[in-house]
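The structure appears right after this line, and notes come after that.
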Amino acid sequence: MSSYLKELEKYRDIDEDEILRTLSPEELEQLDCELQEMDPENMLLPAGLRQRDQTKKSPTGPLDREALLQYLEQQALEVKERDDLVPFTGEKKGKPYIQPKREIPAQEQITLEPELEEALANATDAEMCDIAAILGMYTLMSNKQYYDAICSGEICNTEGISSVVQPDKYKPVPDEPPNPTNIEEILKSVRSNDKELEEVNLNNIQDIPIPMLTELCEAMKTNTHVRSFSLVATRSGDPIANAVAGMLRENRSLQSLNIESNFISSTGLMAVLKAVRENATLTELRVDNQRQWPGDAVEMEMATVLEQCPSIVRFGYHFTQQGPRARAAQAMTRNNELRRQQKKR
């Protein structure tokens with residue numbers, strides 16, 4: 001240890017400034033490169049800060065990406081492929097595995113009556129599947145095959161024994177026929193207060209002009225015979241909701257209102273709910289499945305309306321909050337009980 005300290009003593013009086021003054025520009029540049037603190041393993045740093053710049057050549061021109069890709073592709077094609085250590089010839093070696101036949105011991109052999117032997121020998125796959133289900137061999141078939149064979153009195157499995165679960169066959173469902181309602185005739189009948197018109201059903205008619213729907217709501221204000229008014233999936237928005245609200249304030253014969261599956265916002269629903277408070281004949285209201293969720297304030301208003309309007313006994317809306325849902329359920333139970341007591345009287 002003492003010899004090492006003596007070796008360091010000779011460097012104590014060295015003048016570093018004098019040494020730096022005697023270095024050439026090339027030596028100073030090399031020293032600067034050696035003193036740079038680089039971290040090649042740090043992936044958070046950009047590539048230029050992880051290693052020293054060793055480029056001495058000046059750029060030959062701007063970057064041409066297409067030319068670079070073509071050059072790399074040409075270089076890759078010119079590289080000679082490495083030969084396989086064992087070339088592939090396609091020759092199959094060895095012998096295929098053949099499962100040996102297992103001989104059934106004498107004590108495990110089952111002898112049936114000739115009639116049963118003949119019946120089983122001539123049975124189809126579907127009949128064998130039903131027999132296996134009756135005997136409780138449910139591991140040999142899928143659950144659908146098993147329960148179909150147990151629950152049905154006839155042979156219903158036609159694909160034979162199979163433990164693979166297969167989907168049921170798709171049953172095409174025909175589209176609903178278009179709504180044949182003539183809006184212009186309905187509007188004339190509502191305006192004339194036709195006694196035979198008790199239901200206005202405009203469901204799924206998506207090309208009704210807004211002015212015509214507004215006129216229909218205006219005509220409903222003085223109508224005394226229509227009991228049901230439905231505007232499901234008619235692309236109605238807030239203007240129609242405001243027209244419906246004005247209709248509810250003056251109409252005294254309507255009992256059912258359905259405006260589900262439309263584009264009514266929270267403002268339009270709030271206007272309809274406020275108008276329901278002024279209507280004493282409405283017994284059914286459906287406002288679910290709008291384009292956007294109306295919000296907590298509207299759901300609280302729905303619960304308040306149901307509590308203050310005992311005439312409503314059917315309400316169509318899926319609450320997302322527990323508080324309004326519980327209040328609405330309690331109010332609907334009370335309203336239906338009041339209606340039942342009124343019928344008894």
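This chain uses plain numbering: 1 for the first residue, then up along the sequence.
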### Task
Could you work out the complete set of other residues in the hydrophobic cluster of Leu72, with links drawn between I, L, V, M, F, W and Y side chains under 4.5 Å apart?
Leu63, Leu68, Tyr71

### Message
So which atom in Leu20 and which in Leu28 form the shortest heavy-atom distance, rounded to 0.1 Å?
### Response
O-CD2, 4.2 Å

### Task
Could you tell me whether the side chains of Thr267 and Asp238 share a donor-acceptor contact shorter than 3.5 Å?
no

### Task
Would you mind listing every ring-ring contact (aromatic ring centres under 6.0 Å, His included) that reaches into residues 285-322, with sequence neighbours excluded?
Tyr317-Phe319

### Message
Between Glu215 and Arg191, does any side-chain N to carboxylate O distance fall below 4.0 Å?
### Response
yes

### Query
Is the closest side-chain heavy-atom distance between Glu307 and Arg327 below 4.5 Å?
yes

### Query
Is it true that the side chains of Thr234 and Asn262 contain a donor and an acceptor less than 3.5 Å apart?
yes

### Task
Run through the side-chain heavy atoms of Ile, Leu, Val, Met, Phe, Trp and Tyr, join any pair under 4.5 Å, and report what else lands in Leu69's cluster.
none

### Message
When you measure from the side chain of Thr283 to the backbone of Gln255, do you find a donor-acceptor pair of N or O atoms at a distance under 3.5 Å?
### Response
yes

#### Entry: Flag for Ser311-Asn335: side-chain donor and acceptor within less than 3.5 Å
no

Anything under 3.5 Å between a donor and an acceptor, one on a side chain of residues 93-100, the other on a protein residue two or more places apart or in another chain? List them.
none

### Message
Please find the pair of heavy atoms, one from Asn193 and one from Thr222, that lie closest to each other, and give the distance.
### Response
ND2-O, 4.3 Å

### Where Pro294 and Ser266 come nearest, the two heavy atoms and their spacing
O-CB, 3.1 Å

### Message
Check Glu284 with Arg227, please: is the shortest side-chain N to carboxylate O separation under 4.0 Å?
### Response
no

### Task
Determine, stepwise, if the pair Gln330 / Leu306 fulfils side-chain contact (heavy atoms from CB on, under 4.5 Å).
CA-CA 9 Å; Gln330 185 177 2; Leu306 293 178; over 6 Å; no

### Query
Can Asn258 and Ser256 be counted as having a side-chain donor-acceptor contact under 3.5 angstrom?
no

### Query
Who are the side chain to side chain contact (heavy atoms under 4.5 Å, CB included) partners of Glu78, not counting sequence neighbours?
Gln74, Gln75

### Query
Going by an N to O cut-off under 4.0 Å, is there a salt bridge joining Arg340 and Glu337?
yes

#### Entry: Main-chain N/O of Ile259 paired to Gln290 side chain as donor or acceptor, under 3.5 Å
yes

### Query
Which pairs, with at least one residue in residues 212-263 and sequence neighbours excluded, count as a ring-ring contact (aromatic ring centres under 6.0 Å, His included)?
none

### Message
Please determine whether a side-chain nitrogen of the Lys or Arg among Glu185 and Lys188 lies less than 4.0 Å from a carboxylate oxygen of the Asp or Glu.
### Response
no

### Task
Could you tell me which non-hydrogen atom of Ile312 sits nearest to which non-hydrogen atom of Leu282, and how far apart they are?
CG1-O, 3.6 Å

### Task
Would you tell me whether Asn179 and Thr181 have side-chain atoms, one donor and one acceptor, within less than 3.5 Å of each other?
yes

### Query
Below 4.5 Å, heavy atoms only, C-beta onward: do Leu202 and Leu216 meet side chain to side chain?
yes

